[in-house]
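Notes follow the structure.
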Amino acid sequence: FSPCRFCPRDCGAKRSQGQRGRCGVTDTLRVARAALAFGMEVVYTCPHRKPELEEEHIRYLPLEELLRVADVVSLHCPQNADTTGLLNAARIATMKRGAIVINTARGGVVVAQDVADALQSGQLGWYLADVMEQEPPRADEPLLTAPHCVLTPHVAWAPREARLRLMAIAYENLKGFLEGNAPHRVA
């Protein structure tokens, strides 16, 4: 077993003989620490550098370089104008052949047909996702029949810790409402 590189997007990339990519400081640190425990080298990318990650010996790389060196890319970014279609055919073509992509961000952060094509050709080794662009998926969703593709029904919130956090947020929202302010108001 030899050291690897791991990388989070909007915060990262790493390597398992390779690298991993990822997003978000708290998420990045959680995933990075797990990767570090397996002897992986962790690198990240973000629109803005994160000193708190670099203090943990997680190295910054620009997105294009991160994709070139990562063996595993884990996406944990919001879907917005900058990230919709972030992982497309052009970017996948720059990745190591056989790289693994983990998407727990949003389905639209990847171009599903491009990912399915890359899995079919072997450019991507595996695609694992807890999210899809449309949930439930359309019958003609290309990822449903792609090889080396594992899709789960958007259940990342299911662990006890996640549910406790959701209950705490709901409690704070209700308390805030009763006190005359709603911190997480949706209009």
What one should report as the nearest heavy-atom pair of C149 and A146 is CB-O, 3.5 Å
Tightest non-hydrogen contact, residues P137 and M132, listed as CB-CE, 3.6 Å
Notebook entry, point to check: Can you check whether P147 reaches Q120 side chain to side chain, under 4.5 Å on heavy atoms?
Noted result: yes
Check: Do any N or O atoms from the side chain of E65 and from the backbone of P62 form a donor-acceptor pair under 3.5 angstrom?
Finding: no
Candidate pair V101 and L124, rule side-chain contact (heavy atoms from CB on, under 4.5 Å), full reasoning
CA-CA 8 Å; V101 174; L124 286 180; 3.8 Å; yes
query = Around atom CZ of R49, are there more than 12 heavy atoms of other residues, nucleotides or ligands at under 6.0 Å?
reply = yes
- Y60 vs T45, side-chain contact (heavy atoms from CB on, under 4.5 Å): CA-CA, chis, key distance, verdict: CA-CA 6 Å; Y60 170 84; T45 192; 4.1 Å; yes
When rounded to the nearest 0.5 Å, the distance separating CG of L164 from CD1 of I169 is 11.0 Å
In this structure, CD of Q113 is separated from CD of E133 (nearest 0.5 Å) by 12.0 Å
When rounded to the nearest 0.5 Å, the distance separating CG of D130 from CG of N103 is 9.0 Å
Q.
A side-chain contact here means heavy atoms from C-beta on lying under 4.5 Å apart; do L86 and R91 qualify?
A. yes
Separation between CD (E141) and CD (E135), nearest 0.5 Å, reads 10.0 Å
Check: If Ile, Leu, Val, Met, Phe, Trp and Tyr residues are connected whenever their side-chain heavy atoms lie under 4.5 Å apart, and connections chain through other members, are L87 and V111 in the same group?
Finding: no
Value for CG (L63) from SG (C46), rounded to nearest 0.5 Å, stands at 10.5 Å
*asked:* Quick one: does any side-chain atom of E56 pair with a main-chain N or O of I58 as donor and acceptor, under 3.5 Å?
replied: no
*Find out whether C77 and V109 are in side-chain contact, i.e. whether some heavy atom of one side chain is under 4.5 Å from a heavy atom of the other.*
yes
Nearest heavy-atom contact between A99 and A70 is CB-O, 4.0 Å
Do T104 and V131 have side chains that get closer than 4.5 Å, going by heavy atoms? no
Is there a side-chain contact between L151 and L144 (heavy atoms, below 4.5 Å)? yes
For this session: Spell out, as yes or no, whether a donor-acceptor pair under 3.5 Å connects the side chain of Q123 to the backbone of M95.
Result: yes
* To do: May I ask you to test the L53-L29 pair for a side-chain heavy-atom distance under 4.5 Å?
  => yes
Any donor-acceptor pair under 3.5 Å from D114 side chain to A89 backbone
yes
Please examine the side chains of Y44 and E54, heavy atoms only from C-beta on, and report whether any two atoms are closer than 4.5 Å. yes
The reported gap from OH in Y127 to CD1 in I100 (rounded to nearest 0.5 angstrom) is 13.5 Å
